[in-house]
Amino acid sequence: MENSRNFVLVLTLSLAVLIGWQWAMDYFYPQPEEVPVTAEKVDTPAEQAEVAHSRTGGLQDSAAIAQEAADLETSLASPERVAIDSPKIAGSINLQGAFLDDVVLKDYAATADDSDDEPVRIFSPRGTPAQQVSQFGFLVNGEKLSDDTVWESSGGALSQDNPVTLTHAAGDGLTLEQTWSIDENYMLTVEQAVSNTSGVPVVVQPYGLVSRTSDTASADFFIAHSGPIGSFDQSVDYDYDYDDVEDEKSVSMAGKTDWVGFTDIYWLAAMVPQEGAAPDATFRSLGGNLFRADMIYDPITIPTGRKVTTTSRLYAGAKDSEILDAYQDAGIPQFGLAIDWGWFRWFEKPLLWLLKNIFELVGNFGVAIIILTIIVRGLMFPIAQKQFASMAGMKAIQPKMKALQEKYKDDRVKQQQEMQKLFKEEQVNPLAGCLPLILQIPIFFALYKVLYLAIEMRHQNFLWISDLSAPDPATILNLFGLLPFTPPSFLAIGVLAVLLGVTMWLTFKLNPSAMDPVQQQVFAIMPWVLMFIMAPFAAGLLLYWVTSNILTLAQQKYLYSKHPQLKAAAEKEKAEKAAAAAKAEK
């Protein structure tokens with residue numbers, strides 16, 4: 001039956017999408033990649049061994065983590081530093097080279113462990129295993145100031161109400177200045193000034209850079225870009241990853257630079273040029289897993305006795321959608337798209353907004369997801385009613401359909417014409433049964449991206465789950481969390497995944513539509529295949545789907561009562577099939 005083939009096709013395509021997601025996850029999760037800052041050290045081939053990348057990023061190797069802690073203690077003990085203390089950022093600026101190389105985010109803990117109140121660190125000094133730094137400076141007559149230059153500071157600690165000025169007398173009548181300020185969020189502003197009191201004009205070229213190691217990069221997934229990023233001519237470019245830059249050595253971006261830098265799934269370091277300026281933007285591979293994003297302004301000739309100032313900004317912080325959108329509204333083009341929402345962003349953002357508002361009311365994101373699911377299912381209930389009514393109509397005309405199939409079995413074209421005529425006369429839509437499934441696909445995908453991308457979901461707990469944006473930690477192989485190890489992703493079947501398989505199996509068992517043998521096989525296998533496929537996905541997504549399945553079961557029970565012919569037909573069909581099976585065994 002054509003309707004059956006269409007239905008199986010929809011289910012098969014949906015399954016193919018999910019399998020594709022899992023394949024991509026397995027392929028991209030543990031991929032090797034790395035990032036540099038300056039060409040200080042090039043690793044040997046042995047040192048360039050594969051680097052594991054987690055979904056959220058950070059160092060994964062225990063030796064590297066220990067080395068990072070030791071290096072930080074040494075590097076940050078230097079007295080040549082200017083402290084930073086703002087509402088959301090703490091850290092320091094290294095006066096040697098004027099590097100911003102020490103940034104922690106006060107509002108975000110490094111782990112989901114309640115006993116660990118260590119803030120997440122996104123910038124670390126050069127030479128440390130997790131290095132990420134930013135620097136603003138000048139090329140003077142084509143030459144770069146040495147990174148060993150020690151700048152003088154005035155103004156005390158950098159805070160929201162207290163800018164800090166760094167000064168360096170470059171000789172020959174040139175004075176270089178940087179005035180740093182910071183707002184209440186994650187945006188730093190750097191005013192770069194050059195005063196020329198020499199007897200001749202000088203040519204200066206302001207620049208900014210962000211340099212980092214890719215060892216700490218989050219996994220670059222097809223729905224969550226990680227690596228080089230920027231907006232050029234008001235279009236965000238997600239095309240280049242660390243591999244691409246490493247292969248090409250240098251990638252120059254075309255178009256006017258709106259902002260440029262590096263992104264992880266939750267963190268962003270991006271430079272914003274002076275309004276009206278059009279600096280060149282380039283991503284470079286420096287070797288040894290180090291990468292750099294350069295933003296270089298056009299050369300400026302400064303006559304004697306004059307001073308020129310260029311103002312740039314640096315965003316170093318969390319990819320909070322409300323904060324990013326606010327900066328975009330304030331004039332930074334496409335800044336909200338530093339989060340790779342994709343084509344469904346007009347649907348994903350309302351879901352996120354609704355989730356956050358429900359969370360504010362109930363105080364738990366797991367409960368908020370359950371309530372959101374109830375709301376979504378409630379909105380789709382009228383469609384489900386039409387679906388069941390259509391299936392009831394299909395059941396009623398099934399004898400006529402079989403008669404037409406038998407009558408025109410040798411003329412497929414005529415058979416289809418008569419079928420369509422029958423549907424029209426009986427006012428039955430054979431595709432109505434597929435509509436709710438088709439509508440749920442974008443809802444499912446949008447919620448998946450919200451749970452995967454939105455930092456608001458990070459470390460949100462529900463019952464035994466400490467992070468709804470991560471996979472269910474309670475898996476069968478580790479006795480649901482009792483044994484202290486994490487099974488491989490393809491074997492990590494957790495509580496929610498088991499519930500997903502069981503509830504989906506029950507919904508298929510209650511499905512009243514007539515099924516041919518192909519459909520029966522699809523419906524018999526799909527719940528258990530999806531149980532394995534979905535197990536490594538975000539626990540919040542599985543919570544949504546399990547809740548949706550439970551609501552579907554309740555909805556089916558209710559609609560059966562409204563369409564008793566469906567239940568009677570389904571029971572009759574089951575009895576006939578059972579009798580046929582018993583007869584075949586004899």
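Checked by atom type and distance alone, the side chain of Asn461 never pairs as donor or acceptor with a backbone atom of Ile465 at under 3.5 Å. Proximity of a side-chain donor or acceptor of Gln178 to a complementary backbone N or O of Phe136 within less than 3.5 Å is detected. Judged by distance alone, the side chain of Asp247 and the main-chain N or O of Asp244 form no donor-acceptor pair under 3.5 Å. In terms of modelled atom types and a separation under 3.5 Å, the side chain of Glu191 and the main chain of Trp180 share no donor-acceptor contact. In this structure a side-chain-to-backbone donor-acceptor pair under 3.5 Å is missing from Asp101 to Pro125.
Ala293 approaches Phe262 most closely through the heavy-atom pair N-CE1, 3.5 Å. When every heavy atom of Val367 is checked against every heavy atom of Asn364, the shortest pair comes out as N-OD1, 3.1 Å. The nearest pair of heavy atoms linking Pro129 to Thr213 is O-CG2, 3.4 Å. In this structure, Tyr327 and Met187 approach most closely via the heavy-atom pair OH-CB, 3.2 Å. When every heavy atom of Ile455 is checked against every heavy atom of Ala318, the shortest pair comes out as CD1-CB, 3.6 Å.
Residues satisfying the side-chain contact (heavy atoms from CB on, under 4.5 Å) criterion with Thr547, sequence neighbours excluded, are Ile370, Thr373, Leu543, Leu551. Applying the ring-ring contact (aromatic ring centres under 6.0 Å, His included) criterion to Phe359, with sequence neighbours excluded, gives Phe365. Here Ser134 pairs with nothing under the side chain to side chain donor-acceptor pair (under 3.5 Å) rule; sequence neighbours left out. With sequence neighbours left out, the ring-ring contact (aromatic ring centres under 6.0 Å, His included) criterion links Phe232 to no other residue. Listed by chain and number, the residues in a salt bridge (Lys or Arg N to Asp or Glu O under 4.0 Å) with Asp239 amount to none (sequence neighbours excluded). For Glu322, the salt bridge (Lys or Arg N to Asp or Glu O under 4.0 Å) criterion is met by Lys356, not counting sequence neighbours. Partners of Asn357 under the side chain to side chain donor-acceptor pair (under 3.5 Å) rule, at least two apart in sequence or in another chain, do not exist in this structure. In this structure, the salt bridge (Lys or Arg N to Asp or Glu O under 4.0 Å) partners of Asp294, at least two apart in sequence or on a different chain, are Arg284, Arg292. With sequence neighbours left out, the ring-ring contact (aromatic ring centres under 6.0 Å, His included) criterion links Tyr186 to Tyr315.
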For Gln135 and Tyr207, run side chain to side chain donor-acceptor pair (under 3.5 Å): C-alpha distance rounded to whole Å, both residues' side-chain angles, the deciding distance at 0.1 Å, then the answer.
CA-CA 8 Å; Gln135 182 191 51; Tyr207 70 83; 3.1 Å; yes
Audit row: Leu100, Leu188, side chain to side chain contact (heavy atoms under 4.5 Å, CB included) steps and yes/no
CA-CA 10 Å; Leu100 175 65; Leu188 296 105; 4.1 Å; yes
Evaluation steps, side chain to side chain donor-acceptor pair (under 3.5 Å), between Arg458 and Thr56
CA-CA 9 Å; Arg458 181 177 182 265; Thr56 56; over 6 Å; no
For the pair Ile358 and Ile375, evaluate side chain to side chain contact (heavy atoms under 4.5 Å, CB included) and give the outcome as yes or no after the intermediate values.
CA-CA 11 Å; Ile358 296 173; Ile375 293 173; 4.0 Å; yes
So Ser124 and Gln132, side chain to side chain donor-acceptor pair (under 3.5 Å) or not? Walk me through it.
CA-CA 5 Å; Ser124 290; Gln132 180 168 219; over 6 Å; no
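The line from OG of Ser159 to CD1 of Ile89 is 12.5 Å long, rounded to the nearest 0.5 Å. Here Leu447 contributes atom CG and Tyr544 contributes atom OH; the two are 6.5 Å apart, rounded to the nearest 0.5 Å. The NZ atom of Lys249 sits 10.5 Å away from atom CG of Leu286, with the distance rounded to the nearest 0.5 Å. The structure places OG of Ser312 at 8.5 Å from CE of Met271, a figure rounded to the nearest 0.5 Å.
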Which atom pairs, donor and acceptor, lie under 3.5 Å between side-chain atoms of residues 495-504 and protein residues at least two apart or in another chain?
| from | atom 1 | to | atom 2 | distance (Å) |
| --- | --- | --- | --- | --- |
| Thr503 | OG1 | Leu499 | O | 2.7 |
| Thr503 | OG1 | Leu500 | O | 3.1 |
| Thr503 | OG1 | Asn549 | ND2 | 3.0 |

Residues 329-354, side-chain donor-acceptor partners within the protein, below 3.5 Å, at least two apart:
| from | atom 1 | to | atom 2 | distance (Å) |
| --- | --- | --- | --- | --- |
| Lys349 | NZ | Asp325 | OD1 | 3.2 |
| Lys349 | NZ | Asp325 | OD2 | 3.2 |

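Among residues at least two apart or in separate chains, side-chain hydrogen bond (donor to acceptor under 3.5 Å, both in side chains) pairs with a member in residues 255-266 are Arg212-Asp264, Ser231-Asp258, Thr263-Lys319, Tyr266-Ser469.
Look at Lys106 and Asp85 and you find a salt bridge, because one of the NZ, NE, NH1 or NH2 atoms lies within 4.0 Å of a carboxylate O, short of that distance.
In summary, the side chains of Gln274 and Tyr297 do not present any donor paired with an acceptor at a separation below 3.5 Å, with no hydrogens or angles considered. For the residue pair Asp220 / Ser226, no side-chain donor-acceptor distance below 3.5 Å is found, with atom types taken as modelled.
Taking the six-membered ring for Trp and the full ring otherwise, the centers of Tyr108 and Trp267 sit less than 6.0 Å from each other.
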